[in-house]
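Data first, discussion second: the structure below is written as C-alpha cells.
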Amino acid sequence: MADTYDSTMFADTFEHEYTWQNGFLRNVRRFSSKKALIDPETDRFWTYGDLNREANKLANALSKIGVKKNDVVMGALRNSPEFAFLYTGPRKIGAIFLAANYNLASGEMALLINHNKPKVVVYSACIAGIIAEVEKICLWKPELFVMADNIEGVAVPKNHVSYEKFVENFDDEEPEINFRHHIYDEVLRLCTSGTTSLPKSVPINDINEVLSAHDVIMHYPMDKTDVTLNMTPWFHRGGCHSGGLCPVLYCGACAVVMRAFKPQVSLEWVEKYKITFMMGSPANLEMLAWAQERSFKNISGLKGLVTMGSPLSKTECIRFSKLLTPNIFNGYGTTETFWNSFLRPCDLPEGAGSVGQSCTDDDVRVVKIYDDKKAEPDEIVEKDNETQGEIIIRSPAKSTFSYFKDEKSTKEKFYKGWMYTGDTGVWKEGETVTVKGRKDDMIIVNGENIFPTQIEDALNQCSKVKDCIVTSIHDELRGQAVVAYVVPSDNSLTVQELRNFCSNCRMLSKYKRPRYYAIVESIPKTATGKKQHNKIREQACFDFENGLFSRS
C-alpha cells in the first residue's frame with residue numbers, strides 16, 4: 001500500500017495483466033490477418049490469428065493429457081513453426097516451456113530431462129536417433145514424446161506421436177484455466193553452458209519477457225512493420241530475445257524461420273521477404289560478407305545487423321558496413337540477463353573492441369578480483385582502461401537472479417542484485433567496458449559456449465588417454481576452434497581413434513568436439529597439479545602455426 005494513495009487496484013492490475021501473453025493477444029486482435037511467421041523452407045506462413053489458433057490447439061492438447069500450471073514442456077527443436085507454437089501455447093495454461101539445445105548429445109539431454117522432469121518432450125525429427133537413445137537412458141520418463149518439424153519425412157517411432165496427430169481435433173479457442181496469470185510466473189526456461197555435462201537451467205518469468213521485448217523494441221528500434229531473421233538458434237537467450245519470437249510477437253512484427261544458417265540463402269531471403277533486421281554471431285556476419293562479395297544481392301532494405309557473443313573489431317565493422325549495412329549493432333550479455341551493454345551504429349566503428357556502455361535499464365561495473373571471495377559491488381577498479389577486474393551486471397528487468405534447483409551456482413553467480421559474469425575486463429570514464437578474458441576459460445564456437453573441463457572429462461574416459469588439456473585457437477569462420485593436447489597411456493593412440501571416441505561419446509555434443517589434436521608427452525600444470533589453461537592457450541597459437549596439431 002502506498003503512503004499517499006490507494007495502490008490496490010494498480011498493484012492487482014499490473015501484477016496480473018501486464019503479461020507477455022496479453023501483449024501477444026493484443027496483436028492477435030489488432031493484426032489478426034497480418035503475417036507473424038514465415039517458413040520459407042515449407043512455403044508456409046501464419047498470421048497472428050493463425051498463430052494464436054495453433055497455440056490454443058496445443059494448449060488444449062496439453063491440458064487433455066494433464067499438463068497444468070508449473071508443469072514443464074520441453075522442446076528440443078530447430079527454429080521451426082512448432083518452436084513458435086511451444087513458445088506461445090504452454091504459457092496459456094501456466095506451463096513452462098523448456099527450450100533445450102537440440103544439438104546436445106544423448107547423455108547430456110538425458111541429464112537435462114532428469115533435472116527438469118518435463119511431462120512432454122517435443123523434438124525435431126532430425127534428432128529422432130538421439131531421442132531414441134535418450135528415452136532408453138533417462139531416469140525420468142516423460143509421459144509423451146512428440147515428433148515435430150518433420151520436413152525430412154522421418155517415420156514416427158513406436159510409442160511416440162507426430163505433432164500433427166497430437167493437436168488434431170482439438171479446439172482452437174482459448175483454453176479454460178482456473179488461475180490468474182502473474183508477472184512473476186515462470187513461463188520460459190533456458191539452458192546455459194556449464195562446466196559439467198548438465199547445463200544450468202535459467203528461469204525466465206513473465207515480466208522478464210515483457211521487459212526484454214521492450215529493451216529490443218527501444219534499442220533497435222523495432223515496430224510492427226519489421227521483418228526479422230535470427231540466424232542463430234531460438235533456444236538461446238539471444239535467439240529468442242534478440243529479434244526473435246519474444247520482441248517480434250510482442251510488438252506485432254514478423255519472424256522468418258531459418259533452421260540452419262546458410263549465408264547465400266540468408267541474403268536471398270532479405271530481398272525476397274523484405275527482412276529489416278538480421279541477428280547472428282560475428283562468424284555469421286563474416287560468412288554473410290563473403291557471400292555478398294561473391295554474389296551481390298540487393299539488401300538495401302536492411303535496417304540493421306545485430307551481433308552478440310564477442311566484440312567486433314574495427315576492421316570487421318568497416319568491412320560489414322561496406323558490404324552489408326552501415327547499421328551494425330553489437331550487444332554483450334549473458335543467458336541469465338540478456339544483453340546488458342550495447343554498441344549502436346553511432347558508436348561504431350570507433351567503439352569497436354569494447355562492449356560499450358550499459359543498456360538503458362542496466363548497470364555494468366568492473367570490480368576487484370579476490371582469490372577467496374567475491375568483491376562487493378562497490379569495490380570497483382580504477383576507470384583507467386588498464387586495471388583489470390571482474391565484470392558484473394545488474395539487470396533487474398531481465399533476470400530472475402537464479403538457477404533452477406542449483407543453489408550452489410545461484411550463490412556463486414548472484415550477489416546483492418548483481419550477476420558476477422566470470423568475464424574479466426577494464427573500463428574508462430563514461431563506463432565503457434572492454435572484455436579481456438574469462439575467469440573460467442570458456443570457449444565460444446559459432447556463438448556456443450563451451451567449457452574445456454567437460455571435454456577433458458570426456459576425453460579422459462578413453463582407455464588410451466592418460467591426461468589431457470583443452471583450449472582454443474582463433475578460427476575465422478567459427479570465432480574459435482577447440483583443440484586438445486592429449487597425453488597417451490598407450491603409445492599406439494592415434495588422432496583417428498580420438499576422433500572416433502569423441503564422435504561416439506554420449507556426453508559430447510558435435511559442436512564441442514575438438515577440431516584439432518596434439519598427442520604430447522605432458523601438459524602444463526602448477527605445483528599443486530592444476531592445469532594451466534592460460535599458459536596452454538598462448539602455447540596453442542604457436543603450436544598451430546608450427547604444425548603440431550592434426551585435424552580431426
Side-chain angles (χ1 to χ4, degrees), residues 19-64 67 73 75 77-93 95 97 99 120 122 124-125 146-151 161-177 181 187-188 209 213 217 222-230 234-235 239-241 243-259 269 272-277:
T19 63
W20 185 91
Q21 178 179 244
N22 278 349
F24 169 63
L25 290 176
R26 279 195 295 272
N27 293 331
V28 171
R29 296 190 298 270
R30 294 184 297 194
F31 313 128
S32 180
S33 60
K34 180 183 180 298
K35 288 180 182 177
L37 192 69
I38 299 172
D39 184 11
E41 292 175 75
T42 61
D43 196 27
R44 295 179 297 171
F45 70 85
W46 289 261
T47 65
Y48 272 87
D50 295 333
L51 182 54
N52 189 52
R53 285 185 285 272
E54 290 291 347
N56 288 339
K57 288 172 68 175
L58 174 58
N60 287 316
L62 291 170
S63 291
K64 181 68 173 180
V67 175
V73 179
L77 293 160
R78 300 177 293 193
N79 298 358
S80 58
E82 289 86 349
F83 192 110
F85 304 157
L86 262 74
Y87 198 86
T88 51
R91 70 180 71 204
K92 286 175 176 278
I93 56 173
F97 173 34
V120 178
V122 185
S124 284
V146 181
M147 179 190 280
D149 182 31
N150 194 3
I151 63 174
V161 63
S162 71
Y163 183 88
E164 293 76 14
K165 189 73 174 177
F166 179 57
V167 301
E168 74 175 357
N169 301 324
F170 277 95
D171 195 84
D172 62 8
E173 297 297 321
E174 293 292 329
E176 294 183 6
I177 56 174
H181 293 282
V187 293
L188 178 67
E209 289 274 88
I217 293 165
M222 180 188 291
D223 62 40
K224 65 182 180 181
T225 65
D226 284 308
V227 181
T228 72
L229 172 62
N230 198 313
W234 285 346
F235 59 72
C240 64
H241 288 97
L245 296 173
C246 175
V248 165
L249 299 181
Y250 193 81
C251 78
C254 178
V256 177
V257 176
M258 174 168 270
R259 289 171 175 79
W269 287 0
K272 182 174 181 179
Y273 298 105
K274 295 180 172 53
I275 291 168
T276 55
F277 285 103

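Being a predicted model, the structure only gives us computed values, none of them experimental.
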Step by step, would you call F24 with T19 a side-chain contact (heavy atoms from CB on, under 4.5 Å)?
CA-CA 9 Å; F24 169 63; T19 63; over 6 Å; no
Residues L51, Y87; criterion side-chain contact (heavy atoms from CB on, under 4.5 Å); working and verdict
CA-CA 11 Å; L51 182 54; Y87 198 86; over 6 Å; no
Ignoring hydrogens and geometry, is there a side-chain-to-backbone donor-acceptor pair from K92 to A55 under 3.5 Å?
no
How far does SG of C254 sit from CG of L37, to the nearest 0.5 angstrom?
7.0 Å
Any side-chain heavy-atom pair from L58 and F170 closer than 4.5 angstrom?
no
L245 side, atom CG; W20 side, atom CH2 - distance, nearest 0.5 Å:
7.0 Å
Shortest non-hydrogen contact from N60 to D171?
ND2-O, 2.8 Å
Distance col, row C240:SG vs L249:CG, nearest 0.5 angstrom, shows 11.0 Å
Donor-acceptor pair, distance only, cut-off 3.5 Å: does the side chain of K34 make one with the backbone of K224?
yes
Can you tell me if CD on E168 sees more than 12 non-hydrogen neighbours from other groups inside 6.0 Å?
yes
Determine, step by step, whether R259 and I151 satisfy the side-chain contact (heavy atoms from CB on, under 4.5 Å) criterion, reporting the C-alpha distance in whole Å, the side-chain angles of both residues, the deciding distance to 0.1 Å, and the verdict.
CA-CA 11 Å; R259 289 171 175 79; I151 63 174; 3.7 Å; yes
Side-chain (D39) to main-chain (R44) donor-acceptor, under 3.5 angstrom:
no
Could you tell me whether the side chain of V67 reaches within less than 4.5 Å of the side chain of P90, counting heavy atoms only?
no
Quick check: does any side chain N or O of W234 sit under 3.5 Å from a backbone N or O of G244, one acting as donor and the other as acceptor?
no
Look at the rings of F97 and F83 and say which category their plane angle falls in: under 30° parallel, 30 to 60° tilted, over 60° perpendicular.
perpendicular
Taking C-beta and beyond as the side chain, do H241 and L188 meet within less than 4.5 Å on heavy atoms?
yes
Report yes or no: does N79 contribute a side-chain atom to a donor-acceptor pair with the main-chain N or O of M258 at less than 3.5 Å?
yes
Listed partners of R78 passing salt bridge (Lys or Arg N to Asp or Glu O under 4.0 Å), at least two apart:
D149, E152
For A59 and P175, the nearest pair of non-hydrogen atoms, with its separation, is CB-CG, 3.8 Å
Are the side chain of S32 and the backbone N or O of R29 linked by a donor-acceptor pair below 3.5 Å?
no
Does atom CZ (F45) have a neighbourhood of more than 12 heavy atoms from anything else shown, all under 6.0 Å?
no
For D223, enumerate each residue passing the side chain to side chain donor-acceptor pair (under 3.5 Å) test, keeping only those at least two apart in sequence or located in another chain.
T225
Within this structure, what is the CD-CZ distance for the pair E82 and F166, rounded to the nearest 0.5 Å?
12.5 Å
Test log, rule side-chain contact (heavy atoms from CB on, under 4.5 Å), inputs M222 and Y250:
CA-CA 10 Å; M222 180 188 291; Y250 193 81; over 6 Å; no
Checking S162 side chain against M147 main chain: does a donor-acceptor pair fall under 3.5 Å?
no
With no hydrogens and no angle check, just 3.5 Å: does a side-chain donor-acceptor pair link T47 and D50?
yes
Starting at CD1 of I93, measure out to CG of L62 and round the result to the nearest 0.5 Å.
5.0 Å
Report yes if some heavy atom in the side chain of E174 is under 4.5 Å from a heavy atom in the side chain of L25; otherwise report no.
yes
